[in-house]
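None of these values were measured; they are calculated from a predicted model. A note on names: the letters A, B, ... follow the listed sequences, proteins ahead of strands, and every chain is numbered from 1.
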Protein chains: 2
Amino acid sequence: MKPSDNDLSARKKLILKAIVDAHIDEGEPVGSKYLTQFKQLAYSSATIRNEMAELEAMGYLEHPYTSSGRVPSNLGYRFYVDALLQQYSMTAQEIFELNQLMHAKMLELDKLIDRATKLASSMTNYTGLSIKPRPASCTVNRFEAIPVDSSSLVLVMLTGVSTVKTKYVKLDSEFQKEEMIKLGTVLTECIAGLTADEITLPKIMEIERQMGVSYRIVSPAIKCVYDALSESDSGDVKVEGADLLLQYPEYSDISRLKGMLNLFEQKDQLLQLVADADDSKVNVFIGSENSVNTMNDSTLVFKTIKEGGRVVGAIGIIGPRRMNYSRVISTVNQLSAAISETVNGNAALEEGNNSDNN
Amino acid sequence: MKPSDNDLSARKKLILKAIVDAHIDEGEPVGSKYLTQFKQLAYSSATIRNEMAELEAMGYLEHPYTSSGRVPSNLGYRFYVDALLQQYSMTAQEIFELNQLMHAKMLELDKLIDRATKLASSMTNYTGLSIKPRPASCTVNRFEAIPVDSSSLVLVMLTGVSTVKTKYVKLDSEFQKEEMIKLGTVLTECIAGLTADEITLPKIMEIERQMGVSYRIVSPAIKCVYDALSESDSGDVKVEGADLLLQYPEYSDISRLKGMLNLFEQKDQLLQLVADADDSKVNVFIGSENSVNTMNDSTLVFKTIKEGGRVVGAIGIIGPRRMNYSRVISTVNQLSAAISETVNGNAALEEGNNSDNN
DNA sequence: GTTAGCACTTAACATCAAAGAGTGCTAAAA
DNA sequence: TTTTAGCACTCTTTGATGTTAAGTGCTAAC
């Protein structure tokens, strides 16, 4: 907070906040006369007008046209979010729903994120984003091979407390069950904990050596492992409640709506955004602050979810720039925190207190 | 085809087809004069006008208002699709892309369906639906338990050639690895092939009896099995390319667009639609022919995908009622057939001809 | 420093007229 | 009997015009 950034008189702050609040409520440019109705602003419209002109000169407000009320600029929203926003506190109902979610008997991270996103969307009435990033350096802690028949097996890969991957492996020729089972042990021994890039040719040769006469089983299997580690789980973005956007007048403009729907299709762009973001706090991208040019009148709020140290997902809310920030931010924060807690608490609860979790 | 249904003179058919084609092309009501430009219709506008009036009386055409061109009614489209449509033949490019998809080295049904849907959407320029119905009576052929530590294990359930489910099972107390492994064998012995409903108390007691002293391991595991069989995989609908809708003028109308986006959110409704549909052919739901009232100006085309005898998914295209039917129908047909083939060919290819499939 | 007053700007809305497209009907032609 | 030309009629679309209302900027007075 450099003084130059924050060089607003208390009255200017009051007025700016009132304008942003009013614009969020009403959705329309707010004029000086309208503001005089608030008793915190016991000034004439002319005075407020002067202040507004100055706020505009400083870049916090904008003029749609020569003479209509003011609208906050990106900078105005930014200042509002960073400095003027008061804490939102959840209602009993919301806390109840959140607890419901968290105590639901499911540990699967994916579904947890999906449900939290759905909840976030319905609680805020904006569109929710359930984001599962491409695991940057996914590793497998343990391999297990399950023979299906003489020429195929299922490779089960345990990657962490809440994720298991399976792949069907089709073999070139026939093998004994024992050979297949051995494959699991050998893979675990040789390449557990490695990323896709670290599986080098020498490693593979070592595996083949250990498999002895069944060395031909290795090549197709390794292919699957490689797939599972890299390409396979290539990140996913789910959109919850896109239709909710339509209730806000900003999206009556077809071209703006198109931009938004387009963005929803470009999952890569969203994944990138999340990948580049700050892990430690709620991220708020107001209007065109981020690289995504199509969302000039929208805001994206999201927070990542970490398991151990690694980002394993994110939940987000996207809606009109004119959104209820305090509510959205607190909802996203609480929900993501709750998930992180559940997922990470997991390991700590090793001894298991009841049979209700699976 | 009762004669009464098909009681249209050759000329009426010609005119109806011309009207539907023209309306699909132009998107606007088509008038009598416009039609005279086609040389198959070597009549004056007045003659055509008379025929149009009769077609309207028969219910095949509609009048937006007293005097503007005609638009096909649902019945008109229906007749067009059932009786007037000529076969579309794919371009070399399209056949190439389709083959690309099918020869891609992935057997996972889910991803196959997703990719096919994406392809269908991009080939037709309409929105794609990737549908994986709630498996009505999912059964597990084989269970395998993988010990993780002394109080948790991963239960791997093989349900078919291309599906594997895994569940983390958290146990009440500590068990030996051997006990866990035995659990897999016992489960396979006792409840392989059963649906969720068929797992009765006697069955469970039998499992516990067979587990002997480790009987306490059964209860949490059964819970997971139950989850996996019923609730868990509760059907999924993915929408590909919702933004494509916006290029068609019918969706410039916000309320119509809203109906569509709303429909996309109500996955249950779509799942139901697919569940009720005919397995054996491409289903075409024109306008409000189906129960979904919100899609009066849209058409849904889809075909289910079967593995063995069971419906395991569907791919569909949804777009304006005024869509390119021959193209959409053939695309959906080809893609779903290709997937069915790949999936079902699977079993037949047991001996494996190369290592390229996993 | 604050306020009242007033001229000015602009969007939004309603009204109106003219243009255009297409029909239905009648009567004539084939 | 079928087809066609002609014409009056209906309804949408478009553009122009004027009016209203909201809100600003500025100046001068408090």
*Asks:* For salt bridge (charged side-chain N to carboxylate O under 4.0 Å, His left out), just list the numbers for B/Arg70 and B/Glu62, CA-CA rounded to whole Å, side-chain angles, deciding distance to a tenth of an Å, and then say yes or no.
*Replies:* CA-CA 6 Å; B/Arg70 254 77 170 206; B/Glu62 275 168 6; over 6 Å; no
*Asks:* With a 4.0 Å heavy-atom cut-off, tell me which residues in residues 64-75 of chain A come close to DNA chain C, sorted by residue number.
*Replies:*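 The answer is A/Tyr65, A/Thr66, A/Ser67.
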*Asks:* Quick one: does A/Leu257's side chain get under 4.5 Å of A/Glu250's, heavy atoms only?
*Replies:* no
*Asks:* Identify, residue by residue, the members of residues 40-59 of chain B with a heavy atom below 4.0 Å from DNA chain D, and return them in order of residue number, or none.
*Replies:*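 Contacts with DNA chain D under 4.0 Å: B/Tyr43, B/Ser44, B/Ala46, B/Thr47, B/Arg49, B/Asn50.
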*Asks:* Going by distance alone, is a donor N or O of one side chain under 3.5 Å from an acceptor N or O of the other, for B/Arg256 and B/Asn296?
*Replies:* no
*Asks:* Whole angstrom is fine here: how far is it from CZ in A/Arg11 over to C1' in C/dT2?
*Replies:*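 After rounding, the reported distance stands at 8 Å.
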*Asks:* In whole angstroms, how far is the C1' atom of C/dG1 from the CD1 atom of A/Ile15?
*Replies:*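 Computing the A/Ile15:CD1 to C/dG1:C1' distance gives 13 Å.
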*Asks:* Establish, from distance only, whether the side-chain atoms of A/Tyr80 and A/Asp21 form a donor-acceptor pair under 3.5 Å.
*Replies:*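 Present: a donor and an acceptor within the cut-off.
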*Asks:* How many whole angstroms separate atom NZ of A/Lys12 from atom C1' of C/dG1?
*Replies:* 12 Å
*Asks:* Does the ring centre of A/Phe285 sit less than 6.0 Å away from the ring centre of A/Phe302?
*Replies:* yes
*Asks:* Please report whether the ring centroid of B/Tyr325 lies less than 6.0 Å from that of B/Tyr88.
*Replies:*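 So the answer is no for these two rings.
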*Asks:* If I take atom CG in residue B/Leu61 and atom C1' in nucleotide C/dG22, what distance separates them, rounded to the nearest angstrom?
*Replies:*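 Taking CG of B/Leu61 and C1' of C/dG22, I get 14 Å after rounding.
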*Asks:* Between C/dA11 atom C1' and A/His63 atom NE2, what is the distance in whole Å?
*Replies:*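 Interatomic distance, NE2 of A/His63 to C1' of C/dA11: 13 Å.
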*Asks:* Could you check whether A/Arg322 makes a cation-pi contact with A/Tyr77, meaning its NZ or CZ is under 6.0 Å from the centre of the six-membered ring and within 45° of the ring axis?
*Replies:*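 Pair A/Arg322/A/Tyr77 does not count as cation-pi.
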*Asks:* Can you measure A/Ile19 atom CD1 to D/dG23 atom C1' for me and round it to whole angstrom units?
*Replies:*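 After rounding, the gap between these two atoms is 13 Å.
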*Asks:* Does atom NZ of B/Lys267 have more than 12 heavy-atom neighbours from other groups under 6.0 Å away?
*Replies:*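 Yes.
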*Asks:* Please report the distance, rounded to the nearest Å, between CD in A/Glu28 and C1' in C/dA12.
*Replies:*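 Spelled out: CD on A/Glu28 to C1' on C/dA12 is 12 Å.
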